[in-house]
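Down below is the structure, laid out as structure tokens.
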Protein chains: 2
Amino acid sequence: MKRNSRLSSTLHILVHMAEKPEQALTSEQLATFIHTNPVVVRRTIAGLRDAGIVTSSRGHGGGWLLGSAPESISLAEISAALGETLLPFSTEPESPGCLVEQAVIAVLDDFRVAAEKLLAEKLSRITLADLTADFRRRYDLIGVSSHAL
Amino acid sequence: MKRNSRLSSTLHILVHMAEKPEQALTSEQLATFIHTNPVVVRRTIAGLRDAGIVTSSRGHGGGWLLGSAPESISLAEISAALGETLLPFSTEPESPGCLVEQAVIAVLDDFRVAAEKLLAEKLSRITLADLTADFRRRYDLIGVSSHAL
DNA sequence: GCTTCATGTAACTTAATTAGTTACGATTTA
DNA sequence: TAAATCGTAACTAATTAAGTTACATGAAGC
């Protein structure tokens, strides 16, 4: 798992889970999908559990399951549960009292708030189900082309 | 200069430059504004020079000047010249051949492209002149309130 | 010309962040 | 009770970005 790929790695995991809705997948299994190790998986998706997006169970036969239907899980929720910042730049004051900085931060903050709202709206319109549908489309295409060969 | 504050630090510098349009400011002076050192300033705004947003001159009386009027310099250009990514997440494949990953990346990439376009449009509508105007508003307010005391 | 002031830039050091790893306790099932 | 699994703390390693030092280059003033 590379840096800055938490969102895509997590989506990768979640689509796999959506494809096996009845089967609890272990951290170990999920880890192999994204080429990392089980502890990193648990740590990464701990926030999703807190948000109810997934559930986990311990012991024999335990593992991870989606907490609700893929249609009802949006990328906005997932991103928020991961604690990802949508915009990467900071607007923390570093020179308290400097009016120039205050002006810069005010303008930048307005932009940031508006942009985050916009992005969250866009992300809320994409669900896990959209991703699984896209996956199946690709899967079927491969099937067809293999058949055609 | 903190991490992830390159955009706000650079804007801070540029507003100071816009307030002294006739006077070349040295890296040393600019560095004090954002509490860092001259080399970091040069490195940070080197991209702005390449983009024509600022000019630099060496030797006695040298330093940095805006390359054009504050009204014609947008935050979109500045951000681009800094090489800042507007969206922080990666969509690089890590499991070539995995259809699930391909689906995730395709959807995420569509989102990223659309979002970057949107953000760039919003940023292109904010100019350095807007920032200096905001600064002057704050400055005048302080003046008035000091006077009133 | 020589000195001074400034940028340009390479090379190195330091600090911060995040992924990866190890270890072990807690919980569940068989 | 044994095996499987998550939860989590603590540590290590890798990566990135800022900070620093050093020096070459170029411009201005004397």
Sugar-phosphate or base contact per nucleotide [nucleotides 11-18 of chain C; S, B, -; heavy atom under 4.0 Å]: B----BBS
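Of the side-chain N and O atoms in B:S27, one or more sit less than 4.0 angstrom from OP1 or OP2 of C:dT7. At least one side-chain nitrogen or oxygen of A:N37 sits closer than 4.0 Å to the OP1 or OP2 atom of C:dT21. Checking the phosphate oxygens (OP1, OP2) of C:dA6, no side-chain nitrogen or oxygen of B:S57 falls inside 4.0 Å.
Taking each heavy atom of A:K122 and B:A114 in turn, the nearest pair found is CE-CB, 4.0 Å.
Protein chain B touches strand DNA chain D; the 5'-most and 3'-most nucleotides with an atom under 4.0 angstrom of its non-hydrogen atoms are D:dT16 to D:dA28.
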Verdict with reasoning, B:E94 to A:S9, per side-chain contact (heavy atoms from CB on, under 4.5 Å): CA-CA 9 Å; B:E94 298 177 52; A:S9 293; 4.0 Å; yes
Intermediate values then yes/no, side-chain contact (heavy atoms from CB on, under 4.5 Å), A:L86 and A:L123: CA-CA 10 Å; A:L86 264 4; A:L123 282 177; 4.0 Å; yes
side-chain hydrogen bond (donor to acceptor under 3.5 Å, both in side chains) evaluation trace for B:T55 with B:W64: CA-CA 6 Å; B:T55 62; B:W64 301 83; over 6 Å; no
Test log, rule side-chain contact (heavy atoms from CB on, under 4.5 Å), inputs B:F89 and A:S5: CA-CA 6 Å; B:F89 58 84; A:S5 66; over 6 Å; no
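Note on ring orientation: taking the six-membered ring where Trp is involved, the planes of B:F135 and B:Y139 are tilted (angle from 30° to 60°).
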Can you pull every protein N or O that's under 3.5 Å from an N or O on nucleotides 24-26 of chain C?
unit_1 : atom_1 : unit_2 : atom_2 : d
C:dG25 : N2     : A:R58  : NH1    : 3.3

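A:D134 has a carboxylate O that lies under 4.0 Å from a charged side-chain N of A:R138, or vice versa, which qualifies the two as a salt bridge.
One interatomic measurement links the two molecules: CD1 of B:I45 to C1' of C:dT7, which rounds to 10 Å at whole-angstrom precision. In this structure, A:H60 places its NE2 atom 11 Å from P of C:dT29, rounding to the nearest Å.
Here the side chain of B:R112 pairs no donor or acceptor atom with the backbone of B:T91 at under 3.5 angstrom.
Along DNA chain D, the nucleotide nearest A:G61 and the nucleotide nearest A:A46 are compared for position; the residue whose nucleotide lies closer to the 5' end is A:G61. Summary of the strand contacts: A:V40 and B:L25 both lie near DNA chain C, and taking for each the nucleotide with the nearest heavy atom, the more 5' one is attributed to B:L25.
Once rounded to the nearest 0.5 Å, the distance linking OG of A:S79 with CD of A:E84 reads 5.5 Å.
Residues B:C98 and A:H16 meet the side-chain proximity criterion, which asks for heavy atoms closer than 4.5 Å.
Across B:T132, B:L128, B:L131, a single residue satisfies side-chain contact (heavy atoms from CB on, under 4.5 Å) together with B:L14, and that is B:L128.
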